[in-house]
Asks: 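After the structure tokens below, expect a handful of questions from me.
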Amino acid sequence: MVKLAKNKSPSIKEVWRVISFITMRELWFARNKYIYEEEAFSLEIIKSKILKFTVECEVRMKASMWNNSYDLQVLKALGVKWIKVKGTRVKEVYFQLPPQNKILLCCDGASKGNPGISGYGFIGRIISGEYLVVVAGALGVSTNFFAEILTILNAGEWEVSKGYKEVWFRTDSAAAISAFQNNKVPWFAVNRWEKICASIISWCFIHSYREVNFSADNLAKKGSTLSRGERREYYSRPAFLKTMELPDHPYYRFC
């Protein structure tokens, strides 16, 4: 039951999880009464108890439903009435290139399992839209947060090695941005970040939704498939990146 509800709405997952536990409990009680108290087994009584206890648990259910016929039919059949609805909003988001004399580094990290096998990717672009570099690398075992931190460090070190002095870091990780802006980076990143800051004139972070950072996201996933420590650099768009972000082109985020 839980497996079949995996791709359903949060409320459907919750209600089937509750029903699963109630069903196991009632079957166990019925088994004990049948064996030890010689009480006759009744499937209809079991069903009525499951539905009764499910309705009683309704007040404790906090997950929201999707406003579609499937959710409504399931909840109505189970007698569950008061479940809040979460609407979907469509939001336009845009990708922007950096101003004159600045470089934009679109960064992303990925971890399969959190923690798990991790990779990173970043793309360097300038005001004309030209690609300076496309990098994918492997990190070994790491969490999502550490992968994001290491991605920014690798991107910053590449920028310093090429002599660029003004940089914009673009990432979809609000936690990583907060760590760098508030000087709360993990201990292993402190020295590397201080060296980067000492070598450049200015830097800033831009929080970006994944819908306008999908190239870096694909690179990070590519990096997670490489051997630990392996790094691949491209100086033109690689074949596996079929599309790239376009400035002033609308992308859509569903939230």
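Because the structure is predicted, anything quoted here is derived from the model rather than measured.
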Asks: What pair of heavy atoms forms the shortest contact from Ala138 to Ser227, and how long is it?
Replies: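 Shortest heavy-atom separation between Ala138 and Ser227 comes out as CB-O, 3.1 Å.
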Asks: Sequence neighbours left out, cut at 3.5 Å: what donor-acceptor pairs do the side chains of residues 149-160 make with other protein atoms?
Replies:
{"from": "Thr151", "atom 1": "OG1", "to": "Asp108", "atom 2": "O", "distance (Å)": "3.3"}
{"from": "Thr151", "atom 1": "OG1", "to": "Ala147", "atom 2": "O", "distance (Å)": "2.6"}
{"from": "Asn154", "atom 1": "ND2", "to": "Leu150", "atom 2": "O", "distance (Å)": "2.7"}
{"from": "Glu157", "atom 1": "OE1", "to": "Arg192", "atom 2": "NH2", "distance (Å)": "2.9"}
{"from": "Glu157", "atom 1": "OE2", "to": "Arg192", "atom 2": "NE", "distance (Å)": "2.8"}
{"from": "Glu157", "atom 1": "OE2", "to": "Arg192", "atom 2": "NH2", "distance (Å)": "3.4"}

Asks: Verify side chain to side chain contact (heavy atoms under 4.5 Å, CB included) between Glu166 and Asn101, making sure each step is shown before the conclusion.
Replies: CA-CA 7 Å; Glu166 297 180 78; Asn101 300 322; 4.3 Å; yes
Asks: Between Arg237, Met244, Lys242, which is the residue that forms a side-chain contact (heavy atoms from CB on, under 4.5 Å) with Ser215?
Replies: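 Going through the options one by one, the only one that passes is Met244.
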Asks: Roughly how far, to the nearest 0.5 Å, is CD of Glu14 from CD of Glu58?
Replies: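 Result: 10.5 Å between the selected atoms.
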Asks: Just how far is it from atom CG of Leu97 to atom CG of Leu104, taken to the nearest 0.5 Å?
Replies: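 One gets 7.0 Å once the value is rounded to the nearest 0.5 Å.
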Asks: Does Trp28 share a hydrophobic cluster with Ile19, counting links as ILVMFWY side-chain heavy atoms below 4.5 Å and allowing steps through other members?
Replies: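 Trp28 and Ile19: separate clusters.
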Asks: Among the clusters formed by ILVMFWY side chains lying less than 4.5 Å apart, do Ile201 and Ile196 turn up in the same one?
Replies: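 No; tracing contacts between hydrophobic side chains, which count when under 4.5 Å, never links both residues.
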Asks: Determine whether Trp16 and Leu75 fall in the same hydrophobic cluster, where Ile, Leu, Val, Met, Phe, Trp and Tyr are linked whenever their side-chain heavy atoms lie under 4.5 Å apart.
Replies: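 Yes; Leu75 is reachable from Trp16 via cluster members.
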Asks: Before you tell me yes or no, could you show the steps for Val74 and Met65 under side chain to side chain contact (heavy atoms under 4.5 Å, CB included), namely the whole-Å CA-CA distance, both residues' side-chain angles and the distance that decides it to 0.1 Å?
Replies: CA-CA 11 Å; Val74 170; Met65 62 176 283; over 6 Å; no
Asks: CD of Glu211 to CG of Asp172: how many Å apart, nearest 0.5 Å?
Replies: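 If I round to the nearest 0.5 Å, the distance is 9.0 Å.
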Asks: Taking everything shown except Lys221 itself, do over 12 heavy atoms lie less than 6.0 Å from its NZ?
Replies: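 Result for NZ/Lys221: open.
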Asks: Identify each donor-acceptor pair in which a side-chain atom of residues 30-53 lies under 3.5 Å from a protein atom, sequence neighbours left out, and give them as a table.
Replies:
{"from": "Ser42", "atom 1": "OG", "to": "Ile45", "atom 2": "N", "distance (Å)": "3.4"}
{"from": "Ser48", "atom 1": "OG", "to": "Glu44", "atom 2": "O", "distance (Å)": "3.4"}
{"from": "Ser48", "atom 1": "OG", "to": "Ile45", "atom 2": "O", "distance (Å)": "2.7"}
{"from": "Lys52", "atom 1": "NZ", "to": "Glu56", "atom 2": "OE2", "distance (Å)": "2.7"}

Asks: Could you go step by step and tell me if Met61 and Val15 meet the side chain to side chain contact (heavy atoms under 4.5 Å, CB included) rule?
Replies: CA-CA 8 Å; Met61 296 182 186; Val15 74; 3.9 Å; yes
Asks: Taking the six-membered ring for Trp and the single ring otherwise, decide whether the centroids of Phe205 and Phe180 are under 6.0 Å apart.
Replies: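 Yes - the distance between ring centres of Phe205 and Phe180 falls below the 6.0 Å cut-off.
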Asks: Say you draw a straight line from CZ of Arg210 to CG of Asp217; how long is it, rounded to the nearest 0.5 Å?
Replies: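 Here the interatomic distance stands at 4.5 Å.
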Asks: If you apply the rule side chain to side chain contact (heavy atoms under 4.5 Å, CB included), what do you find for Leu139 with Tyr120, and how did you get there?
Replies: CA-CA 7 Å; Leu139 298 171; Tyr120 68 91; 3.5 Å; yes
Asks: Quick one: pull up SG in Cys107 and CG in Asn213 and give me the separation to the nearest 0.5 Å.
Replies: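 If we round to the nearest 0.5 Å, Cys107:SG and Asn213:CG are 8.0 Å apart.
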Asks: Does Leu105 share a hydrophobic cluster with Ile177, counting links as ILVMFWY side-chain heavy atoms below 4.5 Å and allowing steps through other members?
Replies: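 As far as the 4.5 Å side-chain criterion goes, Ile177 and Leu105 are connected within one cluster.
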Asks: Phe240 ring centre to Lys222 NZ or CZ under 6.0 Å, with the angle to the axis within 45°?
Replies: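 Yes; both conditions hold, so Lys222 lies above the ring face of Phe240.
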Asks: Does the separation of the ring centres of Tyr209 and Tyr94 fall below 6.0 angstrom?
Replies: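 Ring centres of Tyr94 and Tyr209 not closer than 6.0 Å.
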Asks: Is it true that the side chains of Thr171 and Ser173 contain a donor and an acceptor less than 3.5 Å apart?
Replies: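 No donor-acceptor contact under 3.5 Å links the two side chains.
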Asks: Given Phe122 and Phe169, is the ring-ring contact (aromatic ring centres under 6.0 Å, His included) satisfied, shown in steps?
Replies: CA-CA 10 Å; Phe122 63 87; Phe169 294 99; 9.4 Å; no
Asks: Who passes salt bridge (charged side-chain N to carboxylate O under 4.0 Å, His left out) against Arg231, sequence neighbours left out?
Replies: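 With sequence neighbours excluded, Arg231 shows a salt bridge (charged side-chain N to carboxylate O under 4.0 Å, His left out) to Glu233, given in chain and number order.
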Asks: I need the Arg228 CZ to Ser118 OG distance, nearest 0.5 Å.
Replies: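 With rounding to 0.5 Å, CZ (Arg228) is 10.5 Å from OG (Ser118).
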